[in-house]
Amino acid sequence: MNSDQTGAWFHTTSWGLVISARANAGDLELLLRAYWSPVYAFIRKKGYGTHDASDLTQEFLSEVLVARDLIGKADPSRGRFRSFLKSALRNFLIDQHRNAHSRRAAPRDGVASINASPTPADESLAVDEPTGAFDRQWAAAVLALTIERTEGACRQEGLDAQWTAFSMHVLRPLLGKTRGVALEEIARKVGATGPAQVSNMVQTIKRRFRKMLRQVVAETVSRESDVDDELASLKRFFENPG
């Protein structure tokens, strides 16, 4: 699964979904698909080729997250699920590094120990760049879900013109797809009376978008106090996509 598909599956990837995935096959599938892109990006930044990274992503998600019941060990009181996941992923790759020779003879042996601690020789595996790659893909998925939900709500409420104005003036430039369209041009496109009305339309959806973004972020943390920190991190990723 590529990064373009992540947003479509990143529905309610919260502690609530993590808990329900322990017993619900549908939620479990949703969870695995949601985390594919961040996990794959992390592994690729560790220096693995596309084929090996894909295999390791599948192995981590299916054998560590599911077969070894990482989900069952996940504790909402510990805070952010993505931090818990990254820690387990680091340990998984450390074990891969340690057991490289034996794994060639028995590729399904030596699955990660969740509580493994890196030795000094393994510290080179714990660099910041893979974490940044993971978090950037996470940010992209959060943004994709926020867009999807906000657009869906706008369409349902008959705010198609407002959504179009917001998309043309704010969203497309944010995504790097095009430069912002002048309010006069947008007014002609959506049938508004002029730039002032378009500006009001855009502001209406901006408020909705910010509220929805906060809601999506809140689903990925266990404490309300973490939401602002997560939003600040997302802002940095949007401003410096890397």
Could you tell me whether the side chain of [Y] reaches within less than 4.5 Å of the side chain of [X], counting heavy atoms only?
{"X": "Met168", "Y": "Thr164", "value": "yes"}
{"X": "Leu56", "Y": "Phe92", "value": "yes"}
{"X": "Arg207", "Y": "Thr204", "value": "yes"}
{"X": "Gln162", "Y": "Cys154", "value": "no"}
{"X": "Thr150", "Y": "Leu213", "value": "no"}
{"X": "Trp36", "Y": "Ser54", "value": "yes"}
{"X": "Leu89", "Y": "Ile43", "value": "yes"}
{"X": "Gln215", "Y": "Arg149", "value": "yes"}

Looking only at heavy atoms, which two atoms of [X] and [Y] are closest? And how far apart?
{"X": "Ala165", "Y": "Val198", "result": "CB-CG1, 4.3 Å"}
{"X": "Gln137", "Y": "Pro38", "result": "CB-CA, 3.7 Å"}
{"X": "Ala187", "Y": "Pro195", "result": "CB-N, 4.5 Å"}
{"X": "Ile147", "Y": "Phe209", "result": "CG1-CE1, 3.8 Å"}

*Tell me, with the steps shown, if Phe60 and Leu93 meet side-chain contact (heavy atoms from CB on, under 4.5 Å).*
CA-CA 9 Å; Phe60 174 75; Leu93 292 179; over 6 Å; no
Roughly how far, to the nearest 0.5 Å, is [atom2] of [Y] from [atom1] of [X]?
{"X": "Ser167", "Y": "Asp160", "atom1": "OG", "atom2": "CG", "value": "12.0 Å"}
{"X": "Thr146", "Y": "Leu234", "atom1": "OG1", "atom2": "CG", "value": "8.0 Å"}
{"X": "Met212", "Y": "Ile205", "atom1": "CE", "atom2": "CD1", "value": "10.5 Å"}
{"X": "Asp135", "Y": "Glu230", "atom1": "CG", "atom2": "CD", "value": "8.0 Å"}
{"X": "Leu143", "Y": "Leu171", "atom1": "CG", "atom2": "CG", "value": "7.0 Å"}

Next item on the list: Please step through side-chain contact (heavy atoms from CB on, under 4.5 Å) for the pair Val202 and His169, ending with a clear verdict.
Entry: CA-CA 8 Å; Val202 169; His169 192 64; 4.2 Å; yes
message = Walk me through whether Glu157 and Arg208 qualify under salt bridge (charged side-chain N to carboxylate O under 4.0 Å, His left out).
response = CA-CA 12 Å; Glu157 296 175 33; Arg208 285 173 169 255; 2.6 Å; yes
**Asked** Under the side-chain contact (heavy atoms from CB on, under 4.5 Å) criterion, do Gln197 and Val190 qualify, and how do the steps go?
**Response** CA-CA 10 Å; Gln197 185 181 9; Val190 302; over 6 Å; no
- Task: Report the relative orientation of the aromatic rings in Phe42 and Phe134; use parallel for angles under 30°, tilted for 30 to 60°, perpendicular for over 60°.
- Result: perpendicular
Apply side-chain contact (heavy atoms from CB on, under 4.5 Å) to Phe166 and Met201, showing your working. CA-CA 7 Å; Phe166 172 76; Met201 295 166 73; over 6 Å; no
Across all chains, not counting sequence neighbours, the side-chain hydrogen bond (donor to acceptor under 3.5 Å, both in side chains) partners of Arg188 are none
Are the side chain of Arg44 and the backbone of Tyr48 linked by a donor-acceptor contact shorter than 3.5 Å?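 Here the side-chain-to-backbone pair exists.
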Handout entry: Test salt bridge (charged side-chain N to carboxylate O under 4.0 Å, His left out) applied to Glu151 and Arg155, step by step
Key = CA-CA 6 Å; Glu151 180 178 10; Arg155 303 292 188 196; 3.0 Å; yes
